[in-house]
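For the numbers below, each heavy atom of this structure counts, side chains included, while hydrogens, waters and symmetry mates do not.
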Amino acid sequence: MKPVENTPAEVFVSRDNQARTEKLAEYIHNARSEVNELDVDWSEPYWKGVGYFVKQEHAPQGSLKRNDIAMEARLDGAFIDFAKAYVVERHLTNPGESRTGHIKRLQTLRHLEAALLSLRGNASPLGIDCAALETAASLARSNLKTGGAYRVGAELQQLASVMVRTGVLPSNCETWANPNKQPKNTGISVGAESERARQKNSPTFRRFTH
């Protein structure tokens, strides 16, 4: 019996997945080597000055003791290193960012993890696509007020753009746009275009994309 041969399309998909897997590993490795910039322990579920790497349903309203963070409350094992890498890389791109920025980013990552688990049954970042981004934005609308949902959507859009440029996500993810409405008369401004231009000129960003 002749062995089944892969079609050209299947070979392309396989090679693309392998390339994205390698880019993800490289992205996490680069961030891990720079984690001292935040003066935190990579393995810990709580980073001082940043926040808690826990699931959305376990997101604290106040502070938690480190010993109180059970394993099941932490972000999924397939997702947590990616989440930490994204936090580190974004911090290095904008080191003057306030803790509010970290809180918003963690909130976004929690919703994205929940979306992946809901759609895929696993939380691998390689499963992020436009459907996962849309589901994460929808979950934010269900869990947060209008302003919070809008900010999560804006952060998801930025995450997709960054991860496409690092080679972790397929190029069509960069076409995804925040579907969550901006609150009226709040003065919220994302400045996505200026942020992208600033990032492209950032030596730190180039380290993560080449």
Side-chain angles (χ1 to χ4, degrees), residues 22-56 59-60 62-64 66 69 74-75 79-113 125 128 133 136-137 140 144 147-169 173-174 176 178 180 182 186-210:
E22 291 172 359
K23 288 292 186 181
L24 176 61
E26 181 182 0
Y27 182 77
I28 292 171
H29 172 79
N30 288 343
R32 195 162 190 161
S33 69
E34 300 277 6
V35 74
N36 287 342
E37 294 293 326
L38 278 166
D39 193 26
V40 295
D41 181 345
W42 180 276
S43 65
E44 290 292 330
Y46 169 74
W47 286 2
K48 186 178 179 180
V50 175
Y52 299 86
F53 290 90
V54 296
K55 296 178 180 296
Q56 177 59 27
S63 60
L64 289 173
R66 295 185 193 183
I69 306 175
R74 302 178 188 188
L75 290 174
F79 188 83
I80 193 167
D81 279 348
F82 164 74
K84 290 177 176 179
Y86 185 67
V87 167
V88 171
E89 185 262 318
R90 293 289 84 198
H91 170 75
L92 293 172
T93 303
N94 185 15
E97 186 177 40
S98 69
R99 190 174 181 223
T100 302
H102 291 307
I103 291 171
K104 177 186 71 174
R105 191 158 295 123
L106 284 172
Q107 197 170 54
T108 300
L109 289 163
R110 290 171 188 140
H111 281 89
L112 184 54
E113 183 226 30
I128 299 171
L133 295 165
L144 305 171
Y150 174 77
R151 286 186 287 270
V152 166
E155 184 69 32
L156 285 167
Q157 185 173 338
Q158 179 172 281
L159 181 149
S161 178
V162 170
M163 290 300 107
V164 167
R165 282 179 279 151
T166 57
V168 173
L169 297 187
C173 286
E174 197 161 18
W176 185 85
N178 179 11
N180 295 346
Q182 181 173 346
T186 61
I188 295 175
S189 176
V190 178
E193 291 303 320
S194 60
E195 173 67 10
R196 287 184 185 185
R198 185 181 68 78
Q199 288 174 1
K200 285 181 179 178
N201 292 322
S202 164
T204 298
F205 183 73
R206 288 197 292 271
R207 284 209 308 277
F208 279 82
T209 56
H210 292 91

Query - Whether His111 side chain and Gln107 backbone form a donor-acceptor pair below 3.5 Å - result: yes
Query raised in the report: Quick one: salt bridge (Lys or Arg N to Asp or Glu O under 4.0 Å) partners of Glu113, sequence neighbours excluded?
Result: Lys55
Report task. First locate atom CG of Leu156, then atom OG of Ser161, and finally report the distance between them rounded to the nearest 0.5 Å. Result -> 12.5 Å
Query - Residues which pass side-chain contact (heavy atoms from CB on, under 4.5 Å) with Glu37, listed by chain and number, not counting sequence neighbours - result: Glu34, Leu92
Query raised in the report: Is there side-chain contact between Tyr52 and Leu106, with heavy atoms separated by less than 4.5 Å?
Result: no
Report task. Could you walk me through whether Glu89 and Thr93 pass side-chain hydrogen bond (donor to acceptor under 3.5 Å, both in side chains), step by step? Result -> CA-CA 6 Å; Glu89 185 262 318; Thr93 303; 3.2 Å; yes
Report summary line: Shortest non-hydrogen pair, Leu109 vs Val87, comes out as CD1-CG2, 4.0 Å
Query raised in the report: Quick one: CZ on Arg151 to OG1 on Thr100, what's the gap to the nearest 0.5 Å?
Result: 9.5 Å
Query raised in the report: side-chain contact (heavy atoms from CB on, under 4.5 Å) between Asp39 and Lys48: does it pass, once the steps are laid out?
Result: CA-CA 8 Å; Asp39 193 26; Lys48 186 178 179 180; over 6 Å; no
**Report entry** 4.5 Å side-chain heavy-atom contact, Leu75 and Phe82
**Finding:** no
Report summary line: With Tyr86 as partner, the option from Glu155, His91, Arg105 fulfilling side chain to side chain donor-acceptor pair (under 3.5 Å) is Glu155
Query - No-hydrogen, no-angle side-chain donor-acceptor test under 3.5 Å, Trp47 and Asp41 - result: no
